[in-house]
Amino acid sequence: MLRVDVRPFTPGDDAELLERGLRPCDIREAMKVAGLSPARAVGISIINSDFVDTVRLDGKVAALLGAGGGWGGIGIPWLLAHQDFEHPAAAVPMARLVRRRMDRWVNVYGRLENYADPEHAAALRLLTWMGFRLMPSKIKGAFGDELVYFWRAGCAPAEGRGIRQNGNQGKEPGIHSPAGFASAKHPGPIGRVAQDARPAVI
């Protein structure tokens with residue numbers, strides 16, 4: 001039986017994932033949404049996150065996932081994976097581990113939201129299963145491609161976390177970088193444009 005576990009990120013996990021290679025659908029999404037190479041997508045996602053975890057399959061890195069704090073009680077979740085993440089014998093347990101993390105993070109921030117590639121069928125299925133709402137985005141990707149905006153609301157964040165609530169339930173936010181990655185179009189940490197921040201893709 002394949003062994004699946006999730007643990008806090010440790011230095012070197014990112015290098016192992018990049019050496020093994022991201023799923024082609026994740027490579028396409030990072031480029032389409034934010035114009036980023038795999039190395040920049042992984043690196044910027046980690047740097048701008050409050051939480052980062054590593055999913056391992058039989059001891060090998062199968063995925064990295066995390067969430068970073070945006071403005072107004074918003075957390076921005078992301079997931080970047082190797083093809084092993086869709087292994088038939090391990091896909092369900094790995095998806096359950098990811099969902100538990102999202103269940104936790106949505107109640108830390110109060111709301112999770114980000115953008116996805118509408119052609120990334122695996123990501124859209126996982127997002128729907130984890131309770132996210134999906135809708136066409138008014139924001140375009142790095143090269144003008146259509147995107148999917150996804151969001152999920154949770155309980156109010158705990159007092160003292162320094163995360164403000166957002167009353168914009170079910171509505172896409174205002175002007176911001178498509179997925180919050182720093183890019184040629186949107187330079188700077190977490191790609192902040194105007195008043196919002198979005199650090200990554202799932």
* Asked: Taking only residues two or more places apart in sequence or in another chain, which ones pass side chain to side chain donor-acceptor pair (under 3.5 Å) with D5?
  -> R7

* Structure fact -> One should read off an interatomic distance between N114 CG and F132 CZ, to the nearest 0.5 angstrom, of 9.0 Å

* Asked: With sequence neighbours left out, what residues match R28 under side-chain contact (heavy atoms from CB on, under 4.5 Å)?
  -> P24, C25

* Residues forming a salt bridge (Lys or Arg N to Asp or Glu O under 4.0 Å) with D103, sequence neighbours excluded -> R152

* Within 6.0 angstrom of R99 CZ, more than 12 heavy atoms from elsewhere -> yes

* side-chain contact (heavy atoms from CB on, under 4.5 Å) partners of T128, counting only residues at least two apart -> L134

* Asked: Are W129 and L97 connected in the hydrophobic side-chain network, where two residues link if heavy atoms are under 4.5 Å apart?
  -> yes

* To do: Can you run down the salt bridge (Lys or Arg N to Asp or Glu O under 4.0 Å) pairs that involve residues 78-92, sequence neighbours left out, and say none if there aren't any?
  => R20-D84, R23-E86

* Just say parallel, tilted or perpendicular for the rings of Y149 and Y115, cut-offs at 30° and 60°. => tilted

* Structure fact -> Scanning both residues in full, the closest heavy-atom pair of F85 with A62 reads CB-O, 4.0 Å

* Asked: Under the side-chain contact (heavy atoms from CB on, under 4.5 Å) test, which residues partner I46, sequence neighbours left out?
  -> F9, D14, V42, V52, L64, W78

* Structure fact -> Sorted by chain and number, sequence neighbours left out, side-chain contact (heavy atoms from CB on, under 4.5 Å) with A90 holds for L2, V4, L57, H87, M94

* To do: Quick one: list whatever passes side chain to side chain donor-acceptor pair (under 3.5 Å) with E146, sequence neighbours left out.
  => K140

* **Results of salt bridge (Lys or Arg N to Asp or Glu O under 4.0 Å) for R56 - residues two or more places apart only** => D13, E16

* To do: Return yes if a side-chain donor-acceptor contact under 3.5 Å exists between D26 and H82, otherwise no.
  => no

